[in-house]
Amino acid sequence: MAPEQITLYTAKICPYAQRTEIALAEVGAVFKRCEIDLVNKPEWYAPKVNPASKVPAIAYGGPDVAPENASPDSVKLAESLVLVEFIADLYPSSILPADPVLRAKARFFIEVITSKFTSHWMKFASGNPEVTHTTLLNGVDAIQDILPDGAQYAIGDQYSIADIALTPFWARLNVLLQKGIGGYKDEDRKSLLKALEDPKYAKFNGYVQRLLERQSFKSTFHQDIVEAVFTRRFGLAK
């Protein structure tokens, strides 16, 4: 049975929302896209779509209506990793293998990046003294340790939800580091970039480069907006 209609509520600046956009691009889904201004959220968004007033969210099924008129007959779903798996279930074996072992490995990879990397990157970007370049480097070590040897992606040669979970966060950190944008000390930035040049990180560097080369990432990443918003928020590293 073909999937029902999908309306995605998203924001170009948000890495969590980009996870969902990458997943939809990977499976070739047809959907309506509704950009939500996270600074001035529309009054209808929380009561009609997501009571938590966060992105991403999906309205699934129901009548074909404008995004701002989300029907009570559509199912409202939220949280990026929930949505990525939902999309994987709508399009079986596309971004989540059928093999239970590989599915478990994908979810374990996501647990590792959540606890070791994605929970720290924004603290680093904002200049929180609790998180230094060493913290992020420890996260890189943890990710590299579970990357399979000789494979393209997190659980093998099939691109999966595990890769989608990491990509938007690494992409944003990479832009901030390369442009010197953030509340961190510039010394910390240079130390992290220098450390990542070590040949021992060749497997990690090759892996994230492949992530950034995916068309699904390129078509859903808006570097100009990331640079502008983070520069306004944090300025340049000092």
Side-chain angles (χ1 to χ4, degrees), residues 8-29 31-41 54-57 80-81 83-84 87 95 113-114 117-128 131 133 136-137 139-140 143 152-154 159 161-186 188-197 201 204-238:
L8 173 67
Y9 299 87
T10 184
K12 292 175 181 177
I13 188 60
C14 178
Y16 297 95
Q18 193 188 5
R19 281 173 167 171
T20 310
E21 295 205 44
I22 290 173
L24 289 166
E26 283 287 335
V27 303
F31 65 98
K32 291 181 181 178
R33 185 187 185 283
C34 180
E35 180 78 9
I36 298 297
D37 184 338
L38 299 183
V39 177
N40 297 295
K41 296 171 188 171
K54 299 189 297 184
V55 295
S80 66
L81 294 175
L83 296 181
V84 168
I87 293 162
I95 51 175
I113 65 169
T114 300
F117 183 78
T118 60
S119 59
H120 298 306
W121 84 279
M122 181 56 86
K123 291 180 180 178
F124 177 80
S126 65
N128 187 322
V131 176
H133 80 278
L136 293 184
L137 204 58
V140 170
I143 294 168
Q152 294 288 302
Y153 298 111
Y159 185 83
I161 65 171
D163 308 297
I164 291 171
L166 174 62
T167 305
F169 295 88
W170 178 257
R172 283 160 176 75
L173 177 63
N174 185 55
V175 167
L176 300 189
L177 291 174
Q178 296 299 331
K179 300 293 184 178
I181 301 168
Y184 48 77
K185 296 179 180 178
D186 197 48
D188 245 0
R189 177 184 77 92
K190 291 177 179 177
S191 294
L192 180 55
L193 289 174
K194 182 66 176 177
L196 288 171
E197 291 176 359
Y201 291 115
F204 175 83
N205 286 327
Y207 167 63
V208 293
Q209 184 59 39
R210 286 188 290 276
L211 297 184
L212 301 186
E213 289 171 353
R214 297 285 295 193
Q215 185 57 37
S216 60
F217 163 74
K218 292 180 183 178
S219 65
T220 58
F221 185 57
H222 304 274
Q223 182 169 330
D224 56 337
I225 292 175
V226 170
E227 289 184 23
V229 170
F230 278 92
T231 300
R232 281 199 306 270
R233 187 171 179 183
F234 301 125
L236 299 179
K238 296 179 175 61

message: Within the structure provided, determine whether Tyr207 and Leu166 are in side-chain contact (heavy-atom separation under 4.5 Å).
response: yes
task: Taking the side chain as every heavy atom from C-beta outward, state whether Thr20 and Ile164 have any pair of such atoms under 4.5 Å apart.
output: no
task: Applying side-chain contact (heavy atoms from CB on, under 4.5 Å), run through Ile13 and Phe230 and close with a yes or a no.
output: CA-CA 9 Å; Ile13 188 60; Phe230 278 92; 3.8 Å; yes
message: Give me the atom names and distance for the closest heavy-atom approach of Val84 to Ile95.
response: O-CD1, 4.0 Å
Nearest atoms (heavy-atom pairs only) where Arg189 meets Asp186: NE-OD1, 2.6 Å
- prompt: Is there a side-chain contact between Leu38 and Lys41, using heavy atoms and a 4.5 Å cut-off?
  reply: yes
message: Are the side chains of Thr167 and Phe221 in contact, using a 4.5 Å heavy-atom criterion?
response: no
- request: List the steps and the verdict of side-chain contact (heavy atoms from CB on, under 4.5 Å) for Arg33 and Glu21.
  value: CA-CA 9 Å; Arg33 185 187 185 283; Glu21 295 205 44; 3.1 Å; yes
task: Please check if the side chain of Glu35 supplies one atom and the backbone of Lys12 the other of a donor-acceptor pair under 3.5 Å.
output: yes
- line: So CZ of Arg172 and CD of Gln223: to nearest 0.5 Å the spacing works out to 10.5 Å
query: If you measure from OH on Tyr184 to NZ on Lys190, what distance do you get to the nearest 0.5 Å?
result: 11.0 Å
- request: Any chance you could measure Leu81, atom CG, to Thr118, atom OG1, to the nearest 0.5 Å?
  value: 8.0 Å
- request: Could you tell me whether the side chain of Arg233 and the main chain of Gly183 form a donor-acceptor pair under 3.5 Å?
  value: no
field: Lys185 NZ: over 12 foreign heavy atoms closer than 6.0 Å
entry: no
Spacing of CG belonging to Leu192 relative to CG belonging to Leu173, to within rounding of 0.5 Å: 6.5 Å
query: Backbone N or O of Thr114 within a donor-acceptor pair of the Ser119 side chain at under 3.5 Å?
result: yes
Closest approach of Ala11 to Val55 (non-hydrogen atoms, all atoms of both residues): CB-CG2, 4.0 Å
message: More than 12 heavy atoms of other residues, nucleotides or ligands under 6.0 Å from NZ of Lys32: yes or no?
response: yes
field: Close side-chain approach of Thr10 and Ile36, heavy atoms under 4.5 Å
entry: no
query: Do Asn174 and Leu212 touch side chain to side chain, with heavy atoms closer than 4.5 Å?
result: yes
statement: Distance col, row Ile113:CD1 vs Ile143:CD1, nearest 0.5 angstrom, shows 6.5 Å
Within-4.5 Å side-chain heavy-atom neighbours: Leu176 and Phe234: no
query: Can you name the closest pair of heavy atoms from Ala154 and Asp163 and give their distance?
result: N-OD1, 2.9 Å
query: Under 3.5 Å, side chain of Arg210 to main-chain N/O of Tyr153, donor-acceptor pair present?
result: no
message: Test your reading of the model: is there a side-chain donor-acceptor pair from Arg19 to the backbone of Ala165, 3.5 Å cut-off?
response: yes
query: Between Arg214 and Tyr159, is NZ or CZ placed under 6.0 angstrom from the six-membered ring centre and within 45° of the ring axis?
result: yes
- request: Name the orientation class of the two ring planes belonging to Phe169 and Tyr16 (parallel below 30°, tilted from 30 to 60°, perpendicular beyond 60°).
  value: perpendicular
task: Indicate yes or no for a side-chain donor-acceptor contact from Asn205 to the backbone of Tyr201 under 3.5 Å, with no hydrogens or angles considered.
output: yes
- request: First locate atom CD of Gln18, then atom OG of Ser80, and finally report the distance between them rounded to the nearest 0.5 Å.
  value: 11.0 Å
